There are 2 protein chains.
Amino acid sequence: MTTPAARTPEHEPAHGQSGARVAQGIRDAILKGDLAPGERLRQEELAARFGASRVPVREALRTLAAEGLVTLVANSGAWVAKLSAAEVTELYGIRERIEPLLLQYSIAGLASETVDRLEELAEQMEQTTDADAFILLDRQFHLLSYSGADTLVLEVMATELWNRTQHYRRQFVAASRNAGDRRADLDHRLMIAAIRSNDAQEASSVLAMHIRRTLRELDRLPGVFE
Amino acid sequence: MTTPAARTPEHEPAHGQSGARVAQGIRDAILKGDLAPGERLRQEELAARFGASRVPVREALRTLAAEGLVTLVANSGAWVAKLSAAEVTELYGIRERIEPLLLQYSIAGLASETVDRLEELAEQMEQTTDADAFILLDRQFHLLSYSGADTLVLEVMATELWNRTQHYRRQFVAASRNAGDRRADLDHRLMIAAIRSNDAQEASSVLAMHIRRTLRELDRLPGVFE
DNA sequence: TATCGCATGATTGGATCCAATAGATAGGGA
DNA sequence: TCCCTATCTATTGGATCCAATCATGCGATA
């Protein structure tokens, strides 16, 4: 009667691929800030946390290490990746060159409702005072602005770059917005305007400047890197 | 008398980290062309080939998948990654923006003996008729030109980009050099000249053009993508 | 008192065994 | 003849057990 595949218990999110599930769980925890850079990741702890054995945990750690979110040392252990100021500078330099390219791919494919949604997000960012809410909105804004791209490699790469720098962006946003810096809001509005008028060139140069300026502010910020 | 650590058998390359060793082995095989895009990778086969069990093999596959060299499908298997024309175009677009940046980081740190070595490699490329030898030299040339950079992220990323496109470069080189195209040789000489005169700007724009031209030729080439 | 050596425990790495899934194949019915 | 279904097998995914490694702390010695 029922096919074997239908016997999957419903209280479990489809038995298959626990390794990928664990990786996503750890990734989310790092992005949310639950796991801070430098923090030790013990295999057994993670296994208990995700209801799996250590084998899929180890696979997940390998995946995350290749993504740059985790640092693995042989026979020693795993830590949430902690970046030096130089590394963050490099990553922003890369973002500055990759993301404008991706935005160019994207613009033609953005439906006007999507641009409306971008505008909504920009408005919410302008109004929010909570730094955590802001960085979430900011991430949504930028990644959504890339969603019109029919790309396979670039979007993945951009997402990974955002993931690796997420923690440092959090620190930066808290400080810069407290200091009353609203330049990012302006940039977002300029980007939206350029996108609406289908000016890919203008949009991508605004974006490049936006990223570059963020880096400059981040470099100036004391206490982010000890 | 002897410490426990000294009991390690000598015929084995230091028991530790078989997973990383397997990953490197598969990676090398893909880069050499022993494993072609689209080829199925069976865990048991790989385990036997590298004298390990399936556990480290699976970890290696996860690593390579994150690097883009292997495609994993849940409950189905692993294949050597096969790129579409669109993906290769994206990767070259990324290379065109990343590698000139890396070269800029590198130039100041290149010892003059290193530049001599670059010149040697350029000469060997000009003289060789063997396509396989050429792509090896070409890879050495470019990666060596980045060796003056004191970077952590960029060099890794550049190497991964080279790895992912290696197979398609092989096809391209065989065809274009048979057709008598020696433009790459000229580019290499121009790059060396710019490096010698410490002109980072010139060097990186030559490099960007070099990469862009390669992509254009590759796109024009029939039969690389079926 | 400081330092070196050594034993012990915590943790990672690997192999084997078992479970689950997917693809192939053979059989039956319209 | 074609197609649908059920079974069987090859292969992947996960858990447990064992081995190897590293860090900690204790004690002996100069």
Side-chain angles (χ1 to χ4, degrees), chain A residues 1-27 35 38-66 69-81, chain B residues 1-27 35 38-66 69-81:
Chain A
M1 287 294 150
T2 62
T3 67
R7 291 198 307 99
T8 308
E10 282 141 27
H11 52 89
E12 273 289 326
H15 203 226
Q17 263 344 64
S18 167
R21 189 171 53 83
V22 173
Q24 190 57 48
I26 301 174
R27 195 183 289 117
L35 295 171
E39 197 161 327
R40 174 75 184 265
L41 296 173
R42 256 169 259 271
Q43 296 179 4
E44 203 128 14
E45 251 177 53
L46 295 169
R49 178 169 177 169
F50 293 101
S53 83
R54 281 175 45 226
V55 172
V57 168
R58 277 164 54 185
E59 290 177 16
L61 290 174
R62 283 295 177 90
T63 298
L64 296 168
L69 285 179
V70 159
T71 302
L72 279 180
V73 177
N75 289 319
S76 176
W79 290 263
V80 178
Chain B
M1 283 295 147
T2 61
T3 68
R7 290 198 308 97
T8 307
E10 282 140 25
H11 53 89
E12 273 291 324
H15 204 225
Q17 262 345 63
S18 166
R21 187 170 56 82
V22 173
Q24 188 58 48
I26 301 175
R27 195 182 289 117
L35 295 172
E39 196 161 328
R40 174 76 182 265
L41 297 172
R42 257 167 257 271
Q43 296 178 5
E44 202 127 16
E45 252 176 50
L46 295 169
R49 177 169 175 171
F50 294 102
S53 84
R54 280 174 46 225
V55 172
V57 168
R58 277 164 54 184
E59 291 176 16
L61 290 175
R62 283 296 178 90
T63 298
L64 296 168
L69 284 179
V70 160
T71 302
L72 279 180
V73 177
N75 289 317
S76 177
W79 290 262
V80 178

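It should be emphasised that the depicted structure is a prediction, and the values quoted were computed from it without experimental measurement. In what follows, chains are A, B, ... by sequence order, proteins preceding strands, each numbered from 1.
- Heavy-atom minimum distance, B:Ala60 versus B:Val22: CB-CG1, 3.8 Å.
- In this structure, A:Arg42 atom CZ and C:dT12 atom C1' are separated by 11 Å, rounded to whole Å.
- B:Arg54 comes within 4.0 angstrom of a base, heavy atoms only.
- Rounding to whole angstrom units, CD of residue A:Glu44 and P of D:dA15 are separated by 13 Å.
- Spacing between atom CG of B:Leu72 and atom P of D:dT11 amounts to 17 Å, rounded to whole angstrom units.
- Counting any heavy atom pair closer than 4.0 Å across all strands shown, B:Leu61 reaches no nucleic acid atom.
- For A:Arg58 against D:dG14, a side-chain-to-base donor-acceptor contact under 3.5 Å is absent.
- Within the 4.0 angstrom heavy-atom criterion, only backbone atoms of the sugar-phosphate kind lie near B:Ala52; the bases stay farther away.
- Toward the 5' end of DNA chain D, the nearer of the two residues B:Gly77 and A:Ser76, judged by each one's closest nucleotide, is B:Gly77.
- Atom CH2 of A:Trp79 is separated from atom P of C:dT11 by 12 Å (rounded to the nearest Å).
- Of all nucleotides listed (C:dA15, D:dG14, D:dG13), D:dG13 comes nearest to the side chain of B:Asn75.
- Side-chain contact annotation: A:Gln24 with A:Arg21, donor-acceptor N/O pair under 3.5 Å absent.
- Closest to the side chain of A:Ser53, out of C:dT16, D:dG14, C:dG23, is D:dG14.
- As rounded to whole Å, 14 Å separates atom C1' of D:dA19 from atom CD of B:Gln17.
- Rounded to a whole Å, the CD atom of A:Gln43 is 15 Å from the P atom of D:dC22.
- Note: CZ (B:Arg21) to P (C:dG13) measures 14 Å, nearest angstrom.
- Of the candidates D:dT12, C:dG14, D:dG14, D:dG14 carries the atom nearest the A:Pro56 side chain, counting heavy atoms from C-beta on.
- Note on A:Arg62: nothing from the nucleic acid sits closer than 4.0 angstrom, heavy atoms only.
- Separating the CZ atom in A:Arg49 from the CZ atom in A:Arg42 is a distance of 14.0 Å, to the nearest 0.5 Å.
- Atom-to-atom distance recorded for A:Gln43:CD and A:Arg58:CZ is 6.0 Å, nearest 0.5 angstrom.
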Item to complete: Could you give me the CA-CA distance, side-chain angles and deciding distance for A:Leu46 and A:Leu61, then say whether side chain to side chain contact (heavy atoms under 4.5 Å, CB included) is met?
Response: CA-CA 10 Å; A:Leu46 295 169; A:Leu61 290 174; 4.2 Å; yes

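- If you take CG of B:Leu46 and P of D:dT12, they are 9 Å apart, rounded to a whole angstrom.
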